[in-house]
Amino acid sequence: MGWKSKGFEANSKSTVTKKWTLLLCIGCFCAGMLFSDRMWNVPEAEDKAIAQAMGAKDERLKLISEGCDPIGKDMKHEPKDILGEVSRTHNAIQTLDKTISNLEMELAATRAVQESIINGSPISGDLKIPEASGKRKYLMVVGINTAFSSRKRRDSVRATWMPQGEERKKLEEEKGIIMRFVIGHSATSGGILDRAIEAEDQKHGDFLRLEHVEGYLELSAKTKSYFATAAALWDADFYVKVDDDVHVNIATLGATLARHRTKPRVYIGCMKSGPVLAQKRVRYHEPEYWKFGEEGNKYFRHATGQLYAISKDLASYISINQHVLHKYANEDVSLGSWFIGLDVEHIDDRSLCCGTADCEWKAQAGNVCVASFDWTCSGICKSVERMRDVHRRCGEDKNALWTAAF
């Protein structure tokens, strides 16, 4: 009985094991078929992707060989577009900066007038509230520094590079260029020297008279008065000071300044840094030499006095602050000192100080000089006798001024 039972149980377990084994085999077979099918499909997909990539590469090579690569074109044009955008942005910033600077100067001038009225102080004749509109805009005002004894120098300038009569009026109306001889009055106002200038002015009408007493040691004060007066009379982009023994090509000067028209606070000239002369009884002696440090030191960079130009906002700055601006013995040093500490762009242009010996070959080479003089004489040596010759050799074409577009 016991043995029979045990045999039955053994047969039952064997049967169950065979069934599960069969099912397990069938399952493994199905799983193997499924796995094999997926393994064979992957290489096919990879082959398709590789084929597509190869086709795209062949098409790209074909486009490049025909010069029609769109990516290459974008890469070529991109630098030009970026440079153009940077240039436009830079110009816009400069224009905005100049506008803001002009508004600040006009606001300062208006406040100065209001303070004078409130305090009951007399208002300077050359300090006026800026007009909002109706005032003619000029390119430049050229002030030719002269003296009572320089009648022949003035005549030599009138006979060469300064237009006269109707041509000078045409120059103002069509080109926006004002030209005047700049002079103050004598120590005895209304004396023979002043009457001689008045008679000369009636004949030519080319003087700007300043509220200033003439004198060689007063050139710094004269320079200050000139810029303040000119800025009050004419609304110009630039104000130029030049000596009456220097040759100037007006069209070339106008073209040179016009290149800097969009820049605010510009100071243009032949920049130099000469020695500070402490010795007395020498030309260009500096009484305040001790302010520049040890003996033998040099001045700060400033434009040489024969010719220089400043932008409108700098002329306005001089006009507003003229009563507190310090005057050194040399007027070009004084002007340079007034701009120290200001955000001013110094432009060193050597075409504003050519020698009379080399201006001729420069003109023949197409590089016409703005101004020419002799360094040894701080102007043209014997300018009355030589101005015509320098004008003939170094002057610009006679039609250059009338065909120029500034």
Side-chain angles (χ1 to χ4, degrees), residues 87 90-91 94-95 98 102 136-145 157-158 160-164 167-180 206 227 230-231 234-244 246-271 303-315 344-356 358-373 380 387 390-406:
S87 178
H90 181 66
N91 291 336
Q94 282 189 330
T95 302
K98 185 176 180 66
N102 290 338
R136 166 72 190 272
K137 185 74 174 180
Y138 295 93
L139 170 63
M140 61 181 178
V141 176
V142 181
I144 308 169
N145 185 43
V157 170
R158 293 183 180 113
T160 51
W161 56 269
M162 182 181 184
Q164 292 298 295
E167 283 194 346
R168 185 168 56 81
K169 293 180 181 179
K170 181 182 177 182
L171 184 66
E172 296 176 5
E173 295 171 359
E174 296 185 5
K175 303 300 180 181
I177 298 175
I178 303 291
M179 299 181 68
R180 295 289 190 276
D206 54 7
F227 283 123
W234 298 288
D235 181 12
D237 290 320
F238 295 97
Y239 299 86
V240 182
K241 176 263 176 183
V242 59
D243 291 338
D244 60 5
V246 173
H247 180 269
V248 181
N249 286 313
I250 296 299
T252 308
L253 173 61
T256 299
L257 297 182
R259 290 198 295 269
H260 306 288
R261 184 180 259 165
T262 60
K263 301 176 182 178
R265 300 176 300 280
V266 177
Y267 174 33
I268 307 174
C270 287
M271 299 296 164
T304 187
Q306 285 80 4
L307 185 149
Y308 47 72
I310 62 175
S311 55
K312 175 187 174 181
D313 34 14
L314 292 183
V344 175
E345 181 177 358
H346 291 59
I347 298 177
D348 183 20
D349 191 334
R350 311 314 289 184
S351 69
L352 275 65
C353 55
C354 294
T356 59
D358 55 9
C359 61
E360 182 176 8
W361 66 262
K362 288 183 178 180
Q364 292 173 351
N367 300 318
V368 178
C369 293
V370 172
S372 303
F373 57 89
I380 297 177
M387 185 67 76
V390 174
H391 183 66
R392 178 184 59 80
R393 294 186 296 105
C394 306
E396 59 198 359
D397 185 88
K398 62 181 180 180
N399 295 319
L401 186 57
W402 309 111
T403 57
F406 303 118

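FYI, side chains are in, hydrogens and waters are out, and symmetry mates aren't considered; it's all heavy atoms of this structure. Quick caveat: nothing in here was measured; it's all calculated off a predicted structure.
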Original post:
Which pair of non-hydrogen atoms, one from L352 and one from G269, has the smallest distance, and what is that distance?
Top reply: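 For L352 and G269, the tightest heavy-atom pair comes out as CD2-CA, 3.8 Å.
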Original post:
What pair of heavy atoms forms the shortest contact from V390 to S372, and how long is it?
Top reply: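 V390 and S372 have their closest heavy atoms at CG1-CB, 4.5 Å.
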Donor-acceptor under 3.5 Å ([X] side chain, [Y] main chain):
X	Y	result
K175	A404	yes
K241	G305	yes
R180	V141	no
N367	K362	no
Y239	L314	no

Original post:
With Q164, which residues qualify under side chain to side chain contact (heavy atoms under 4.5 Å, CB included), at least two apart?
Top reply: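 Partners of Q164 under the side chain to side chain contact (heavy atoms under 4.5 Å, CB included) test: R158, M162, H204, D206.
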Side chain to side chain, [X] and [Y], heavy atoms closer than 4.5 Å:
X	Y	answer
L307	F373	no
W234	E172	no
S311	K263	no
D237	K137	yes

Original post:
What residues, two or more places apart in sequence or in another chain, satisfy salt bridge (charged side-chain N to carboxylate O under 4.0 Å, His left out) together with K169?
Top reply: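 Scan of K169 (salt bridge (charged side-chain N to carboxylate O under 4.0 Å, His left out), adjacent residues dropped) gives E166.
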Original post:
Can you list the residues that meet the salt bridge (charged side-chain N to carboxylate O under 4.0 Å, His left out) rule with D349, with sequence neighbours excluded?
Top reply: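 D349 satisfies salt bridge (charged side-chain N to carboxylate O under 4.0 Å, His left out) with no residue once adjacent residues are dropped.
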Pairs under 3.5 angstrom only: tabulate donor-acceptor contacts from the side chains of residues 247-259 to other protein residues two or more places apart or in another chain.
unit_1: H247; atom_1: NE2; unit_2: H391; atom_2: ND1; d: 2.8
unit_1: N249; atom_1: OD1; unit_2: E396; atom_2: N; d: 2.9
unit_1: N249; atom_1: ND2; unit_2: C369; atom_2: O; d: 2.7
unit_1: N249; atom_1: ND2; unit_2: C394; atom_2: O; d: 3.2
unit_1: T252; atom_1: OG1; unit_2: E396; atom_2: OE1; d: 2.7
unit_1: T256; atom_1: OG1; unit_2: T252; atom_2: O; d: 2.8

Original post:
Who passes side chain to side chain donor-acceptor pair (under 3.5 Å) against Y308, sequence neighbours left out?
Top reply: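 E331.
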Subject >> Test side chain to side chain donor-acceptor pair (under 3.5 Å) applied to D358 - qualifying residues, sequence neighbours left out >> reply: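 For D358 there are no side chain to side chain donor-acceptor pair (under 3.5 Å) partners, ignoring immediate neighbours.
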